[in-house]
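In what follows, a single structure is set out as structure tokens and then discussed.
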Amino acid sequence: MKRLMSFFLTICLLLSVVASSTLTVSAAATYDVGKAMNYAANHWNDGKGLCAEFVSNCVQAGGLNIKTMLGTKSCWDAIINKTGLSGKNLTLNSQGYVTKGNNGSLLAKGDVVIQWCYTCNLRPHILICGGYDSKGYATFYAHNGALNNRIYRFSTNSQHKKTCNIGAKVLQLSKLSSKSVSNGNQSSVSPAPTSNLKVNLTSYPTSIAKGSSYGLRGSVTSNYKITSVKGYIINSSGKAVQSTSETPNSTSMDIRYSKINNNLVFGNLSAGNYTLKVVAKDAYGKEKTWSTSFTVKAPASVSKNPDSTLKIELTSYPTSIAKGKSYGLRGSVTSNYKISWVKGYILNSSGKIVQDTLDTPNATSMDIRYAKVNDNLLFNKLAKGTYTLKVVARDTYGKEVTWSKQFKVK
């Protein structure tokens with residue numbers, strides 16, 4: 001009877017083990033390199049936790065179901081226990097950095113790298129790889145200290161002696177980005193999406209008269225957050241004569257309302273040949289460049305004609321208005337030449353255009369009261385804050401004048 005009971009208990013125990021194993025496999029998670037990188041790019045300097053907590057959060061964002069670990073060893077071991085991966089030694093160059101030439105087949109974006117002291121058998125730092133820079137150096141995100149996709153010297157650490165033999169090891173999570181991971185069990189799933197970053201300018205100059213303004217139109221889009229957009233005007237010698245940058249931190253950017261449009265001032269350029277260049281980068285690490293050539297032409301000689309008397313005179317404009325209140329602009333634009341256009345803008349405290357409009361009088365005077373500048377700039381639609389009202393006019397002589405005043409919405 002005792003033997004029968006023992007046999008029965010043994011069978012029950014085996015069944016419970018099998019059931020437990022089945023549950024473990026069904027709870028499989030996935031690792032998405034793009035999502036891990038997106039988290040790293042947006043949280044590298046958020047001040048939440050030290051290096052192990054940050055890396056834990058990055059791989060969790062990528063879909064790896066581990067606990068948030070406080071120590072470098074516990075974080076490293078948790079990833080190994082979840083994935084079944086083993087650490088591989090990386091080769092450092094003579095300055096102590098990881099390079100693509102020595103480690104291109106071992107290290108990729110999304111992999112976790114730990115600093116390893118072979119002398120003390122300790123692990124002082126843990127990071128997540130962001131890829132490689134233009135010189136072939138591996139770049140990393142980290143906390144303590146904050147690292148924003150920059151190179152890192154692994155051969156030294158302030159907590160260790162100079163005589164210590166310090167290197168680095170990698171867990172190749174990127175190789176699991178198209179597999180399901182749970183305690184070493186793997187099954188096929190959809191691979192992580194690549195970036196579809198795009199720079200699309202729909203309106204840009206090809207040939208403009210010296211002193212003329214130009215409004216850029218278009219967009220920058222991606223399925224990952226756009227981390228930076230840089231704009232340049234480059235002269236015929238290859239020198240950037242104007243530049244600006246934007247950090248959208250979103251998946252799209254309207255160029256019309258960006259610093260790219262507001263800060264690149266075509267009206268300040270001398271006659272000559274130029275290149276307009278826009279470079280965008282997203283959290284996936286993809287970089288996209290758009291460029292076009294254009295010419296600024298000197299105006300025809302007007303030495304026999306009288307100078308332009310173009311003038312903008314606003315006699316009534318806001319200085320401080322209550323939120324939701326309308327305001328009627330009064331004044332005039334006059335010239336002894338026909339006025340080609342008059343542009344009106346409202347800019348916020350960051351210099352971003354929040355409203356704009358255009359009049360084309362084709363006459364020597366324009367009453368602002370009856371113009372689009374008054375009708376289309378809607379002060380009652382503005383949120384509380386500090387703004388700038390700006391009016392720019394140009395006549396057929398080629399003269400351009402600007403009027404601007406700051407005001408507050410309370």
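For the pair W76/L171, a side-chain contact is recorded, criterion being any heavy-atom separation below 4.5 Å from C-beta on. Side-chain contact check for L347 versus Q355: every heavy-atom pair is 4.5 Å or farther apart. A 4.5 Å side-chain heavy-atom check between N57 and V55 finds every atom pair outside the cut-off. Within the 4.5 Å cutoff, the side chain of I353 has no heavy atoms near those of the I346 side chain. Taking 4.5 Å as the limit, every side-chain heavy atom of V279 sits out of range of all side-chain heavy atoms of K288. Proximity of F140 to V112: side-chain heavy atoms (C-beta onward) are nowhere separated by under 4.5 Å. Contact check for P318 versus F379: side-chain heavy atoms found under the 4.5 Å cut-off. Here the side chains of I114 and T72 are in contact, with some heavy-atom distance below 4.5 Å.
Between the Y337 side chain and the P306 main chain, a donor and an acceptor come within less than 3.5 Å of each other. Put simply, the side chain of N336 gets close to the backbone of D307: a donor and an acceptor are under 3.5 Å apart. No donor-acceptor distance shorter than 3.5 angstrom exists from the side chain of N261 to the backbone of G215, with no hydrogens or angles considered. Between the Y370 side chain and the M366 main chain, no donor and acceptor come within less than 3.5 Å of each other. Of the possible donor and acceptor atoms, one in the side chain of N262 sits under 3.5 Å from a partner among the backbone N and O of G351. No donor-acceptor pair under 3.5 Å is formed between the side chain of Y224 and the backbone N or O of L197. Side chain of N81 to main chain of G84: no donor-acceptor pair is present (N/O by atom type, distance under 3.5 Å, no hydrogens or angles). For H143 (side chain) and F54 (main-chain N/O), no donor-acceptor pair under 3.5 Å exists by modelled atom type. S237 places no side-chain N or O within donor-acceptor distance of the main-chain N or O of K239, the cut-off being under 3.5 Å. Judged purely by atom type and a 3.5 angstrom limit, S212 has no side-chain atom pairing as donor or acceptor with the backbone of G267.
In this structure, S316 OG and N374 CG are separated by 9.0 Å, a value rounded to the nearest 0.5 Å. Note that CG of L276 and OG of S291 are 8.0 Å apart. Values are rounded to the nearest 0.5 Å. The distance from atom NZ of K410 to atom NZ of K384, rounded to the nearest 0.5 Å, is 11.0 Å. Between L310 atom CG and K338 atom NZ the span is 15.0 Å, to the nearest 0.5 Å. Atom CG of residue N249 and atom CD1 of residue I226 lie 10.0 Å apart, to the nearest 0.5 angstrom. Here the OH-OG distance, from Y387 to S349, works out to 8.0 Å after rounding to the nearest 0.5 Å.
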Do any side-chain atoms of residues 98-107 form donor-acceptor pairs under 3.5 angstrom with protein atoms, and if so which ones, sequence neighbours left out?
{"from": "T99", "atom 1": "OG1", "to": "N102", "atom 2": "ND2", "distance (Å)": "3.4"}
{"from": "N103", "atom 1": "OD1", "to": "T91", "atom 2": "N", "distance (Å)": "2.8"}
{"from": "N103", "atom 1": "ND2", "to": "T91", "atom 2": "O", "distance (Å)": "2.8"}
{"from": "N103", "atom 1": "ND2", "to": "T99", "atom 2": "O", "distance (Å)": "3.1"}

I'd like a table of donor-acceptor pairs (distance under 3.5 Å, sequence neighbours excluded) in which one partner is a side-chain atom from residues 398-407, with atom names and distances.
{"from": "K399", "atom 1": "NZ", "to": "S308", "atom 2": "O", "distance (Å)": "3.4"}
{"from": "E400", "atom 1": "OE2", "to": "S213", "atom 2": "OG", "distance (Å)": "2.9"}

From CA spacing to verdict: side chain to side chain contact (heavy atoms under 4.5 Å, CB included), T289, V278: CA-CA 6 Å; T289 299; V278 179; over 6 Å; no
| task | Please test I234 against K277 for side chain to side chain contact (heavy atoms under 4.5 Å, CB included), starting from the C-alpha separation and ending with a verdict. | result | CA-CA 8 Å; I234 301 166; K277 182 178 177 182; 3.9 Å; yes
Just do the side chain to side chain contact (heavy atoms under 4.5 Å, CB included) check on C120 and C164 with the steps written out, would you?
CA-CA 8 Å; C120 307; C164 282; 3.8 Å; yes
Test side chain to side chain contact (heavy atoms under 4.5 Å, CB included) on V373 and L329; report intermediate values, then the result. CA-CA 8 Å; V373 171; L329 301 173; 4.0 Å; yes
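The aromatic ring centroids of W290 and Y204 lie less than 6.0 Å from each other.
Shown here for G110 and V33, the closest heavy-atom pair between the two residues is CA-CG1, 4.1 Å. Taking each heavy atom of Y284 and G34 in turn, the nearest pair found is CD1-CA, 4.0 Å. When all heavy atoms are compared, the tightest approach of T275 to S293 is OG1-OG, 4.0 Å. Scanning all heavy atoms of the two residues, the minimum distance from G96 to S155 falls at CA-OG, 3.3 Å. Taking every heavy atom of both residues into account, M69 and A78 meet most closely at CE-CB, 3.7 Å. In terms of heavy-atom proximity, A322 sits nearest to V409 at C-CG1, 4.3 Å.
Annotation: side chain to side chain donor-acceptor pair (under 3.5 Å) contacts of R123 (sequence neighbours excluded): none. With sequence neighbours excluded, no residue satisfies side chain to side chain donor-acceptor pair (under 3.5 Å) with S340. For the side chain to side chain donor-acceptor pair (under 3.5 Å) test, no residue two or more places apart in sequence or in another chain qualifies with S258. Here D356 pairs with R217, R256 under the salt bridge (Lys or Arg N to Asp or Glu O under 4.0 Å) rule; sequence neighbours left out. Residues forming a salt bridge (Lys or Arg N to Asp or Glu O under 4.0 Å) with E53 (at least two apart in sequence, or on another chain): none. N376 meets the side chain to side chain donor-acceptor pair (under 3.5 Å) test with T357; sequence neighbours excluded.
The stretch residues 230-270 participates, sequence neighbours left out, in these ring-ring contact (aromatic ring centres under 6.0 Å, His included) pairs: F266-F294. A salt bridge (Lys or Arg N to Asp or Glu O under 4.0 Å) check over residues 362-382, counting only residues at least two apart or in different chains, returns nothing. The side-chain hydrogen bond (donor to acceptor under 3.5 Å, both in side chains) contacts involving residues 107-119 comprise N89-Y118, D111-S174, Q115-Y152, Q115-N157, where partners must be two or more places apart or lie in separate chains. The salt bridge (Lys or Arg N to Asp or Glu O under 4.0 Å) contacts involving residues 55-74 comprise K73-D77, where partners must be two or more places apart or lie in separate chains.
No hydrogens or angles considered: nothing links the side chains of N200 and S219 as a donor-acceptor pair under 3.5 Å. Counted by atom type alone, T388 and Y345 present zero donor-acceptor pairs between their side chains at under 3.5 Å. Judged by distance alone, the side chains of N149 and T139 do bring a donor and an acceptor atom under 3.5 Å apart.
Around atom NZ of K286, more than 12 heavy atoms belonging to other residues, nucleotides or ligands sit under 6.0 Å away. Heavy-atom neighbours of K230 NZ from other residues, nucleotides or ligands within 6.0 Å: at or below the threshold of 12.
Cation-pi contact between K343 and W341: present, with separation from the ring centre below 6.0 Å and deviation from the ring axis of at most 45°.
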